[in-house]
*Asks:* 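Got a structure here, written out as structure tokens. Questions coming.
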There are 2 protein chains.
Amino acid sequence: MIFSSELIKGTLKTIVLKQLSEGNKMYGYEITQKVKELTGDRIQISEGALYPTLHALEKEGLLTTETIYIGKRVRKYYRLSDSGKKKSKERVSEFAEFVETMKILLDLQVKPA
Amino acid sequence: MIFSSELIKGTLKTIVLKQLSEGNKMYGYEITQKVKELTGDRIQISEGALYPTLHALEKEGLLTTETIYIGKRVRKYYRLSDSGKKKSKERVSEFAEFVETMKILLDLQVKPA
DNA sequence: CACAATGCATTGGTTTCTTATGTATCTTTG
DNA sequence: CAAAGATACATAAGAAACCAATGCATTGTG
């Protein structure tokens, strides 16, 4: 089951920030693959969504970039800045609280870890 | 704390369908108040978002309506159709699964119920 | 050597929400 | 009893965020 894109809306920045907070620097394509893998193909980030998001986060000062060459092919690495690290934590916490609120609203059962 | 509207995006239809699946018929304003109350003011549905959503759900055949008068004031009640009941369950399940997936992706801890 | 995969990026369009506005009635309060 | 706030519907203009499609270029594979 692939989630309706409606649901994923609004969580993309959070997902990207979190992925970068774990494994140091990552490049765009790598992020899409990591997310695909971690979610068993249920969340697939399109490139048309990802790149504008990365550029926006960079513009906000949350990411720094580093362009390298693999042979003749360009690869652009992204890394969290200090404010990006802070923002990443904030976003994840906010999502966690949002989930708690939605549990009440939707009367969801909690699956034990 | 009021959630950034970004997070709520994509969940409005699910919220509305779920509220209607519990307390029989409800009118628009009542839904906004119920959600506000249940979430401790953390989710506030704007009317500009709600009414178009209700109309869309009605157009999809998920809701039926009933207009009554309280004195001279109009009140429009909404109720789930059979397909609406089915869709409501689907949407809530999908959200629950989405949350499970996001827990992995964001490495969230589960709060016991 | 064609085709899939890797890797960047942009454009046009749609959906969905916000902000603002409009209309009207009812209730509370100074 | 007038003003203000709450109730209750609705739409319109614009912004935000995403999708689908496309483009370019290189590298690996059958």
Side-chain angles (χ1 to χ4, degrees), chain A residues 2-17 19-20 25-37 41-60 62-63 65-79 91 95 98, chain B residues 2-17 19 25-37 41-60 62-63 65-78 91 95 98:
Chain A
I2 297 171
F3 296 115
S4 74
S5 58
E6 241 178 297
L7 269 184
I8 300 168
K9 279 185 186 178
T11 60
L12 183 54
K13 280 189 181 175
T14 306
I15 291 170
V16 168
L17 287 171
Q19 295 313 307
L20 286 171
K25 65 182 179 185
M26 294 178 85
Y27 53 99
Y29 189 78
E30 188 183 3
I31 294 174
T32 66
Q33 295 309 301
K34 184 78 184 294
V35 168
K36 197 178 168 213
E37 183 203 326
D41 294 5
R42 280 173 295 183
I43 295 182
Q44 298 186 22
I45 301 176
S46 72
E47 296 178 284
L50 180 65
Y51 288 113
T53 297
L54 286 171
H55 300 160
L57 291 172
E58 188 185 359
K59 206 172 175 184
E60 289 176 52
L62 303 176
L63 304 183
T65 63
E66 188 185 339
T67 302
I68 66 157
Y69 285 86
I70 307 294
K72 287 180 187 171
R73 190 189 286 175
V74 165
R75 183 178 287 175
K76 203 164 162 189
Y77 277 102
Y78 292 87
R79 188 192 298 273
R91 284 281 198 155
F95 184 81
F98 177 64
Chain B
I2 297 169
F3 296 116
S4 75
S5 57
E6 241 178 296
L7 270 183
I8 300 169
K9 277 186 186 175
T11 60
L12 183 55
K13 279 188 183 176
T14 306
I15 290 171
V16 168
L17 288 171
Q19 295 312 307
K25 65 182 177 182
M26 294 177 86
Y27 54 99
Y29 189 79
E30 187 183 3
I31 294 174
T32 65
Q33 297 307 303
K34 184 78 184 293
V35 169
K36 197 180 169 212
E37 183 203 325
D41 294 5
R42 279 174 296 182
I43 295 182
Q44 297 186 22
I45 302 175
S46 73
E47 296 178 283
L50 179 65
Y51 290 114
T53 297
L54 285 171
H55 300 162
L57 291 172
E58 187 186 359
K59 206 171 174 184
E60 288 175 52
L62 303 176
L63 304 183
T65 61
E66 187 186 338
T67 301
I68 64 156
Y69 285 86
I70 306 295
K72 285 178 185 173
R73 188 190 288 174
V74 165
R75 182 179 289 175
K76 205 164 160 188
Y77 276 101
Y78 292 88
R91 284 282 198 153
F95 185 82
F98 176 66

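Throughout, protein chains are lettered first and strands after them, A, B, ... in sequence-line order, and every chain is numbered starting at 1. Keep in mind that what you see is a predicted model, and the values were worked out from it rather than measured.
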*Asks:* Could you tell me how far apart E58(B) (CD) and dA10(D) (C1') are, to the nearest whole angstrom?
*Replies:* 13 Å
*Asks:* Provide, to the nearest angstrom, the distance between the NZ atom belonging to K36(B) and the P atom belonging to dA8(D).
*Replies:*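 Answer to the nearest Å: 14 Å.
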*Asks:* Please report, rounded to the nearest Å, how far the P atom of dT7(D) is from the CD atom of E37(B).
*Replies:*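 Value for this atom pair: 12 Å.
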*Asks:* Can you tell me the distance, in whole Å, between the NZ atom of K9(B) and the P atom of dA16(D)?
*Replies:* 9 Å
*Asks:* Starting from the C-alpha separation in whole Å, work towards a yes-or-no answer on side chain to side chain contact (heavy atoms under 4.5 Å, CB included) for F98(B) and T11(A).
*Replies:* CA-CA 11 Å; F98(B) 176 66; T11(A) 60; 4.0 Å; yes
*Asks:* Starting from the 5' end of DNA chain D, give me the residue, L12(A) or K72(A), whose nearest nucleotide shows up first.
*Replies:*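 Upstream on the strand: L12(A).
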*Asks:* Just the rounded figure in Å: distance from C1' of dT19(C) to CG of L50(B).
*Replies:* 16 Å
*Asks:* From the options Y78(A), Y27(A), Y77(A), select the one residue that forms a side-chain contact (heavy atoms from CB on, under 4.5 Å) with T65(A).
*Replies:*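 Between T65(A) and the candidates, side-chain contact (heavy atoms from CB on, under 4.5 Å) is satisfied uniquely by Y78(A).
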*Asks:* When rounded to the nearest 0.5 angstrom, what distance separates CE in M26(B) from NZ in K34(B)?
*Replies:*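 M26(B) atom CE to K34(B) atom NZ measures 5.0 Å (nearest 0.5 Å).
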*Asks:* For K76(A), give me all partners under salt bridge (charged side-chain N to carboxylate O under 4.0 Å, His left out), at least two apart in sequence or on another chain.
*Replies:* none
*Asks:* Indicate every side-chain donor-acceptor pair of residues 45-56 of chain B with a distance under 3.5 Å to a residue at least two apart or in another chain.
*Replies:*
unit_1 : atom_1 : unit_2 : atom_2 : d
S46(B) : OG     : A49(B) : N      : 3.3
T53(B) : OG1    : A49(B) : O      : 2.8
H55(B) : ND1    : Y51(B) : O      : 3.3

*Asks:* Could you state the atom-to-atom distance from CG of L7(B) to C1' of dT16(C) in whole Å?
*Replies:* 15 Å
*Asks:* Identify the two heavy atoms, one from E30(B) and one from K25(B), that lie closest to each other, and give their separation to 0.1 Å.
*Replies:*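 Distance-wise, the nearest heavy atoms are OE1-O, 4.3 Å.
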*Asks:* Rounded to whole Å, please give me the gap between NZ in K59(B) and C1' in dT15(C).
*Replies:*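 Answer to the nearest Å: 14 Å.
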*Asks:* With the sugar-phosphate defined as primed atoms, P, OP1 and OP2, and the base as all remaining atoms, what B/S/- string results for nucleotides 4-10 of chain C, 5' to 3', for protein heavy atoms under 4.0 Å?
*Replies:* --BSBBB
*Asks:* Atom CD1 of I8(A) and atom C1' of dT16(C): how far apart are they, to the nearest Å?
*Replies:* 15 Å
*Asks:* With a cut-off of less than 4.0 Å, is there a side-chain N or O of S46(A) near OP1 or OP2 of dC19(D)?
*Replies:*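 True: S46(A) side-chain N/O within range (under 4.0 Å) of dC19(D) OP1/OP2.
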